[in-house]
Amino acid sequence: MDFAKKLKVSPGKRVRLKHCDPGETFGYAKDDETRRLTEKAVARMDALQALLYAENKRALLIILQGMDAAGKDGTIRHVMSGVNPQGCRVTSFKVPSHEESEHDFLWRAHLAVPQRGEIGIFNRSYYEDVLVVRVHQLVPEKVWRKRFDQINMFEELLAENNITVLKFFLHISKDEQKKRLQERLKDPQHQWKLAPNDFGERKFWDDYVRAYDEALSRCSTDQTPWYIVPADHKWLRNLAISRIIAQTLEGFHMKYPKPSFDFSHYKIK
Ligand code: ADP
């Protein structure tokens, strides 16, 4: 299946997340065949990343957004399993530091944009500035509302500089979130970083849905579309995302540069 085509938000289309099924499987099952397809996509990513690095002409930026516990960290672990860490950089966007908040909202993101030959992954991103910032009214509406156009212009700038931006919204249901948060409460690997506030954001679920509906509608463009990934099933999420990344890298039609020296008669003594 062509996941990119299926999950892409058509530019100009008004997104209503409540009409997108987070438990969709598109006829796939959690079985050996799905595992094989996912592994194949991950292996393709590995080979293509080596080419991206060698060619050194362009970069790929992968943006992951989603409600708490949507699977951003799990996706990164999975995507990273398929690439050489030397050519990949992950940046997590938290509440802005004092220095960051002294700049415009795109400043910290621009600093973290991958350089040519690299894959960059954003765990959250400047989209937080039209999501959490909107839900909690951290700046006036007239400020965050202008940001949709500013984001589109920023992404256009990146695209024109050979930086392809892939934006994935990991779509989970409220019930699945509850299940995952309950699991975290019991899991020592997670307990240490839990704060009471992590569960408080659930109260704002509908506000976040409204904010996401608008962000995904306003900022899905031909050059940098959004993909809405059904994410209640982690295996489907991993399959869809690795296939879209591999397909995108393949679409670059990259070639290894010609060797700078003729090694055909070269002997290693
Ligand atoms: P995560 O949930 O991503 O694993 P944290 O628990 O540290 O990591 O959460 C990061 C927090 O930072 C989130 O609540 C997110 O909404 C918040 N955040 C990110 N960017 C901004 C921003 N620009 N303004 C305010 N809060 C932000």
Side-chain angles (χ1 to χ4, degrees), residues 17 61-80 89-113 120-152 154-155 165 167-174 176-216 218-219 226 229 231 234 237-238 241:
L17 283 174
L61 172 58
I62 298 165
I63 292 184
L64 298 171
Q65 285 287 161
M67 301 285 195
D68 289 331
K72 298 183 289 291
D73 293 295
T75 304
I76 292 169
R77 271 198 301 278
H78 183 258
V79 171
M80 289 290 287
R89 190 151 59 114
V90 181
T91 310
S92 297
F93 290 89
K94 313 266 180 195
V95 176
S97 66
H98 175 71
E99 187 189 21
E100 288 166 349
S101 53
E102 294 295 313
H103 292 270
D104 69 87
F105 79 103
L106 290 168
W107 178 77
R108 63 177 180 162
H110 209 161
L111 285 179
V113 165
I121 304 181
F122 282 4
N123 181 352
R124 303 186 187 268
S125 64
Y126 43 86
Y127 280 94
E128 292 292 324
D129 293 278
V130 289
L131 295 164
V132 65
V133 165
R134 170 181 184 167
V135 168
H136 292 291
Q137 298 163 27
L138 302 180
V139 300
E141 176 167 355
K142 68 175 195 321
V143 174
W144 60 254
R145 196 155 274 293
K146 280 193 186 157
R147 291 181 174 168
F148 297 120
D149 288 336
Q150 291 164 348
I151 287 174
N152 288 340
F154 177 60
E155 291 179 352
V165 188
K167 303 180 288 188
F168 297 109
F169 171 68
L170 310 184
H171 185 32
I172 55 164
S173 61
K174 205 174 173 190
E176 179 63 21
Q177 186 193 51
K178 186 173 182 186
K179 213 176 97 199
R180 292 185 188 181
L181 291 176
Q182 277 167 342
E183 278 162 14
R184 284 186 184 182
L185 271 179
K186 289 186 243 140
D187 178 2
Q189 269 194 7
H190 266 110
Q191 279 165 350
W192 68 272
K193 66 170 261 195
L194 288 178
N197 193 36
D198 288 351
F199 306 104
E201 285 306 278
R202 256 173 86 72
K203 284 204 298 281
F204 301 99
W205 182 274
D206 292 341
D207 297 325
Y208 274 106
V209 169
R210 206 168 306 126
Y212 268 114
D213 275 349
E214 190 166 2
L216 299 177
R218 292 283 309 271
C219 298
W226 269 103
V229 182
K234 296 174 184 172
R237 172 199 82 198
N238 289 344
I241 293 180

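Everything numeric in this text was worked out from a predicted model, so none of it was measured. All ligand and atom numbering here is 1-based and tracks the order in the structure.
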With side chain to side chain contact (heavy atoms under 4.5 Å, CB included) as the test, would you mind laying out the steps for Y126 and E155 before giving the verdict?
CA-CA 11 Å; Y126 43 86; E155 291 179 352; 2.7 Å; yes
With a 4.0 Å cut-off on heavy atoms, is R108 in contact with ligand 1?
yes
Would you call the rings of W107 and H103 parallel, tilted or perpendicular, taking 30° and 60° as the class edges?
parallel
Quick one: salt bridge (Lys or Arg N to Asp or Glu O under 4.0 Å) pairs with a partner in residues 124-134, sequence neighbours left out?
D68-R124, R124-E128, D129-R147, R134-E214
Flag the pair F154 / H110 as yes when their ring centroid distance falls below 6.0 Å, and as no otherwise.
yes
Among D129, V130, V132, closest by heavy atom to atom 26 (N) of ligand 1 is V132
The closest protein heavy-atom partner of atom 12 (O) of ligand 1 is V95 N, 3.2 Å
Go through ligand 1 atom by atom and flag the ones less than 4.0 Å from a non-hydrogen atom of V133.
24 (N)
Contacts under 3.5 angstrom, residues 182-190 side chains, donor-acceptor by atom type, not counting sequence neighbours:
unit_1: D187; atom_1: OD1; unit_2: Q189; atom_2: N; d: 2.9
unit_1: D187; atom_1: OD2; unit_2: H190; atom_2: ND1; d: 3.4

D104 versus Q150: any side-chain heavy-atom pair under 4.5 Å?
no
To which protein heavy atom is atom 4 (O) of ligand 1 closest, and what is the distance rounded to 0.1 Å?
K193 NZ, 3.4 Å
Are E201 and M67 close enough that some pair of their side-chain heavy atoms sits under 4.5 Å apart?
no
Give me the nearest non-hydrogen protein atom to atom 8 (O) of ligand 1 as residue plus atom name, then the distance to 0.1 Å.
K94 NZ, 3.3 Å
Heavy atom of protein closer than 4.0 angstrom to atom 6 (O) of ligand 1:
no
If the threshold is 4.0 Å, N to carboxylate O, is there a salt bridge linking D213 and R210?
no
Decide whether an N or O pair under 3.5 Å exists between N123 and ligand 1.
no
A student comparing E128, R124, H136 should find that the heavy atom closest to atom 9 (O) of ligand 1 comes from R124
For F93, counting its heavy atoms only, list the atoms of ligand 1 lying under 4.0 Å from any of them.
19 (C)
May I ask you to check whether L138 has an N/O atom sitting below 3.5 Å from an N/O atom of ligand 1?
no
Identity and distance of the protein heavy atom lying nearest atom 24 (N) of ligand 1
P96 CD, 3.4 Å
